[in-house]
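The structure under discussion appears below in the form of structure tokens.
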Amino acid sequence: MINRIKGTQDIAFEDIEYWQYIEQAVRNITFRYAYNEIRTPIFEATELFKRSVGESTDVVQKEMYTFDDKGGRSITLRPEGTASVARAFIENSFINLGSPVKLFYMGPMFRYEKPQAGRLRQFHQFGAEILGSASPMADFEIIELAYEFLKEVKINKTRLFINSIGCPSCRARYREALREYFRDKVDGMCEDCRRRFDSNVLRLLDCKIDREQSENAPNILEYLDEECRKHFEDLKWYLEKARIDYEIDPHLVRGLDYYSRTAFEIRSPSLGSQDQIVGGGRYDGLVEVIGGKSCPAVGFAIGMERIVMLLKAEKVNIPTDRNSEVAILATGREESLRGFEYARRLRKAGISTYVDVMERNMRNQMKHAARIGAKISVIIGDEELEKDLVTVKIMMDGSQYQVDGDYMVDYIIDKLRDI
RNA sequence: GUGGUUGUAGCUCAGCUGGAAGAGCGCCUGACUGUGGAUCAGGCGGUCGCGGGUUCGAACCCCGCCAGCCACCCCA
């Protein structure tokens with residue numbers, strides 16, 4: 001027996017309905033916000049992710065699926081979507097389409113991590129990006145879009161956290177202040193913190209073990225320069241006016257290197273420890289880092305399996321169109337031939353039609369028709385064959401009607417309307 | 001990557017101190033001569049996660065590995 005790869009999943013039947021529901025919501029919301037879909041390759045040159053995500057991040061250091069292809073090129077299965085979008089933006093000169101460029105994507109991402117509920121090695125993200133606008137209006141729209149998406153799929157109990165991590169120069173000053181603050185504390189802190197003191201001081205803030213140590217730490221918001229502060233104030237103003245509740249979390253430090261100024265997350269109390277469903281922020285430096293002309297940008301990514309988990313946890317009703325509408329049951333060779341003919345007519349009329357292909361008796365065909373949720377069964381036995389009739393059975397109440405074969409399709413369309 | 005926990009039929013799970021692999025549900029078939037969700041009967045289906053070891057004998061004990069789950073790390 002060959003099993004699926006660790007951290008991957010097969011999605012079918014009941015589960016696939018959640019995905020189709022979510023994908024439909026993505027299409028609805030992005031259409032209404034006038035975003036354009038982009039599909040990039042799921043693998044890219046390794047260098048792209050090293051440069052954009054950041055050499056020092058966990059994603060690049062230990063979570064990438066990287067291999068050499070037969071030409072000796074280092075290839076990596078994309079661990080996230082933004083880098084590819086930025087690359088495509090530069091490579092195809094989308095900037096000439098007029099700024100800003102609003103894009104969305106959805107699809108599989110790959111990270112070599114230890115799986116647990118809500119965290120997989122192949123997982124799926126829906127993301128949106130605005131490239132070309134430095135305005136807090138763009139930050140606002142991105143957050144609003146994520147917010148409206150959650151409303152669209154009927155997830156309610158979420159909390160939005162925002163922060164600003166400033167521009168590189170604010171951050172440099174803040175880093176100094178943090179080092180000053182932690183200098184005499186770090187020896188008593190956990191091993192990770194001691195390591196991060198040098199490599200990434202900001203990360204000391206969200207250490208769960210040494211939480212109390214950072215309680216009185218300097219707040220990054222007090223180290224923002226005038227422009228960054230204004231940007232953050234404007235974003236908050238738009239959020240407040242739109243009545244989108246937010247909480248400021250000065251410890252919110254996004255993991256990926258390319259973020260600047262706005263960082264935000266949406267978390268849900270209905271999930272376990274993997275409770276973050278949306279992560280996003282501004283990444284004004286990214287496009288330049290991977291070789292384009294400097295271009296401000298902001299975006300988010302939403303974890304689709306976490307949305308599925310939430311829909312289940314919150315018992316959101318998912319519409320289903322899985323049931324076939326009509327099942328064709330025939331009792332013999334000639335009858336079956338006629339059955340296929342009638343099935344073609346029904347399908348041509350756009351009706352989902354199931355044909356039994358098991359050569360079993362009427363009872364068992366009927367049993368199966370009921371099982372798959374057929375609303376109507378069309379019975380073709382020797383009598384119907386001879387008289388060019390069909391017997392139409394309404395499964396819900398068991399009522400039956402003999403109908404001329406030529407009128408069958410119209411008759412069934414009519415009946416389906418009432419069911 | 002670290003720690004904990006679980007793994008027996010498609011699903012949910014029994015299986016005593018180590019002594020012939022089971023039930024319910026589902027699936028297929030029949031009772032029903034052309035009619036479903038009911039009943040009854042029969043059948044298919046298991047290398048007991050995998051591999052070693054201990055033992056006369058292992059689903060059960062020991063070791064390793066694999067996979068799921070939980071927490072950490074990190075993140076969506």
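In this text the structure is predicted, and so the values were computed from the model without any measurement. Note on naming: letters A, B, ... go to the chains in the order of the sequence lines (proteins, then strands), and numbering restarts at 1 for each one.
- Residues meeting the ring pair (Phe, Tyr, Trp, His ring centres under 6.0 Å) test with A:F232, sequence neighbours left out: none.
- In this structure A:F140 satisfies the ring pair (Phe, Tyr, Trp, His ring centres under 6.0 Å) test together with A:Y238, sequence neighbours excluded.
- Contact check on A:K312 versus A:D15 returns a salt bridge, with a Lys/Arg side-chain nitrogen under 4.0 Å from an Asp/Glu carboxylate oxygen.
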#### Entry: Intermediate values then yes/no, side-chain contact (heavy atoms from CB on, under 4.5 Å), A:E325 and A:L346
CA-CA 10 Å; A:E325 297 172 288; A:L346 288 162; over 6 Å; no

Distances under 3.5 Å between nitrogen or oxygen atoms of protein and nucleotides 64-69 of chain B:
residue: B:A67; atom: OP2; partner: A:K6; partner atom: NZ; Å: 3.2
residue: B:G68; atom: OP1; partner: A:G7; partner atom: N; Å: 2.9

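- Within 4.0 Å of A:G381, counting heavy atoms only, lies at least one base atom of the nucleic acid.
- Applying the 4.0 Å criterion to OP1 and OP2 of B:A76, one finds that A:Q276 has a side-chain N or O inside that range.
- With sequence neighbours excluded, the residues satisfying side-chain contact (heavy atoms from CB on, under 4.5 Å) with A:Q402 are A:E383, A:E384, A:L389, A:T391.
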Side-chain donor-acceptor pairs under 3.5 Å in residues 123-131 of chain A, sequence neighbours left out?
residue: A:H124; atom: ND1; partner: A:E305; partner atom: OE2; Å: 3.0
residue: A:E129; atom: OE1; partner: A:Y283; partner atom: OH; Å: 2.5
residue: A:E129; atom: OE2; partner: A:T82; partner atom: OG1; Å: 2.9

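- A gap of 34 Å separates the P atoms of B:U39 and B:A20, to the nearest Å.
- Taking atom P on both nucleotides, B:G49 is separated from B:U6 by 13 Å, rounded to a whole Å.
- Atom CG of A:L150 and atom P of B:A76 are 15 Å apart (whole Å).
- In this structure, A:E341 does not pair ionically with A:R338, as no charged nitrogen and carboxylate oxygen lie closer than 4.0 Å.
- Taking atom CG of A:L77 as the reference point, atom C1' of B:A76 lies 17 Å away to the nearest angstrom.
- With A:R111 as the fixed residue, the side chain to side chain contact (heavy atoms under 4.5 Å, CB included) test singles out one of A:R121, A:Q122, A:E80: A:E80.
- Classification of A:K415 and A:D418 as a salt-bridged pair fails, no side-chain N sitting under 4.0 Å from a carboxylate O.
- B:U33 atom P lies 17 Å from atom CD of A:E383, rounded to whole Å.
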List, with names and distances, any nitrogen or oxygen atoms from the protein found under 3.5 Å away from nitrogen or oxygen atoms belonging to nucleotides 10-12 of chain B.
none

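- Remark: the separation of the C1' atoms in B:A58 and B:G18 is 6 Å, to the nearest Å.
- Within the structure, salt bridge (charged side-chain N to carboxylate O under 4.0 Å, His left out) pairs that include any residue of residues 34-46 of chain A comprise A:R27-A:E37, A:E37-A:R39, A:E44-A:R87 (at least two apart or interchain).
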### Query
So what is the 5' to 3' dot-bracket string for RNA chain B, if pairs are Watson-Crick or G-U wobble with both distances under 3.5 Å, crossing pairs use [ ] and | means the partner sits on another strand?
(((((((..((((.....[..)))).(((((.......))))).....(((((..]....))))))))))))....

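- Counting non-hydrogen atoms under 4.0 angstrom, A:D382 reaches nothing in the nucleic acid.
- Comparing B:G1 with B:A59, their C1' atoms are spaced 32 Å from each other, to the whole Å.
- The separation between A:K62 atom NZ and B:C75 atom C1' is 11 Å, rounded to whole Å.
- Residues satisfying the ring pair (Phe, Tyr, Trp, His ring centres under 6.0 Å) test with A:Y65, not counting sequence neighbours, are A:Y112.
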Using distance only, find each side-chain donor-acceptor pair of residues 360-374 of chain A under 3.5 Å and give its atom names and separation, not counting sequence neighbours.
residue: A:R360; atom: NE; partner: A:D356; partner atom: OD2; Å: 3.4
residue: A:R360; atom: NH2; partner: A:D356; partner atom: OD2; Å: 3.2
residue: A:R360; atom: NH2; partner: A:H368; partner atom: ND1; Å: 3.4
residue: A:N361; atom: OD1; partner: A:R363; partner atom: N; Å: 3.3
residue: A:N361; atom: OD1; partner: A:N364; partner atom: N; Å: 2.9
residue: A:N361; atom: OD1; partner: A:N364; partner atom: ND2; Å: 3.2
residue: A:Q365; atom: OE1; partner: A:A330; partner atom: N; Å: 3.2
residue: A:Q365; atom: NE2; partner: A:A330; partner atom: O; Å: 2.9
residue: A:Q365; atom: NE2; partner: A:R360; partner atom: O; Å: 2.7
residue: A:H368; atom: ND1; partner: A:Y354; partner atom: OH; Å: 3.0

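- Ring centroid separation for the pair A:Y35 and A:F104 does not come in under the 6.0 Å cut-off.
- Put simply, CG on A:L252 is 11 Å from P on B:A76, counting in whole angstrom units.
- Using a 4.0 Å heavy-atom criterion, one finds that A:Q274 contacts the bases of the nucleic acid, with or without backbone contacts as well.
- Among the heavy atoms of the strands lying under 4.0 Å from A:R111 is at least one base atom, whether or not backbone atoms are also near.
- Between A:M64 atom CE and A:S74 atom OG the span is 7.5 Å, to the nearest 0.5 Å.
- Distance noted for atom P between B:A9 and B:G4: 27 Å (whole Å).
- Note on A:V278: only backbone sugar-phosphate atoms sit closer than 4.0 angstrom, heavy atoms only; bases stay farther off.
- The separation of B:G24 from B:A41, taken at their P atoms, amounts to 10 Å, rounded to a whole angstrom.
- A donor-acceptor contact under 3.5 angstrom links the side chains of A:E240 and A:Y246, judged on distance only.
- The interatomic distance linking A:D275 (CG) with B:C75 (P) rounds to 13 Å, in whole Å.
- Listed by chain and number, the residues in a side-chain hydrogen bond (donor to acceptor under 3.5 Å, both in side chains) with A:T66 are A:T76 (sequence neighbours excluded).
- Across the protein-nucleic acid pair, A:M358 atom CE and B:C44 atom C1' stand 12 Å apart, rounded to whole Å.
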Distances under 3.5 Å between protein N/O atoms and the N/O atoms of nucleotides 35-37 of chain B, please, pair by pair.
residue: B:U35; atom: O2; partner: A:K393; partner atom: NZ; Å: 2.8
residue: B:U35; atom: O2; partner: A:Q400; partner atom: OE1; Å: 2.6
residue: B:U35; atom: N3; partner: A:Q400; partner atom: OE1; Å: 2.5
residue: B:U35; atom: N3; partner: A:Q400; partner atom: NE2; Å: 3.3
residue: B:U35; atom: O4; partner: A:Q400; partner atom: NE2; Å: 3.4
residue: B:G36; atom: OP1; partner: A:R363; partner atom: NH1; Å: 3.0
residue: B:G36; atom: N7; partner: A:K393; partner atom: NZ; Å: 3.2
residue: B:G36; atom: O6; partner: A:M395; partner atom: O; Å: 2.8
residue: B:G36; atom: O6; partner: A:G398; partner atom: N; Å: 3.4
residue: B:G36; atom: N1; partner: A:M395; partner atom: O; Å: 2.4
residue: B:G37; atom: O6; partner: A:M395; partner atom: O; Å: 3.3

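- Distance CE (A:M309) to P (B:C75): 18 Å, rounded to an integer number of Å.
- One donor-acceptor pair, N or O on each side, does fall under 3.5 Å between the base of B:A76 and the side chain of A:E113.
- B:C32 and B:C48 have their P atoms separated by 41 Å, with the value rounded to a whole Å.
- The same atom, C1', is picked in B:C25 and in B:G45; the two are 14 Å apart, to the nearest Å.
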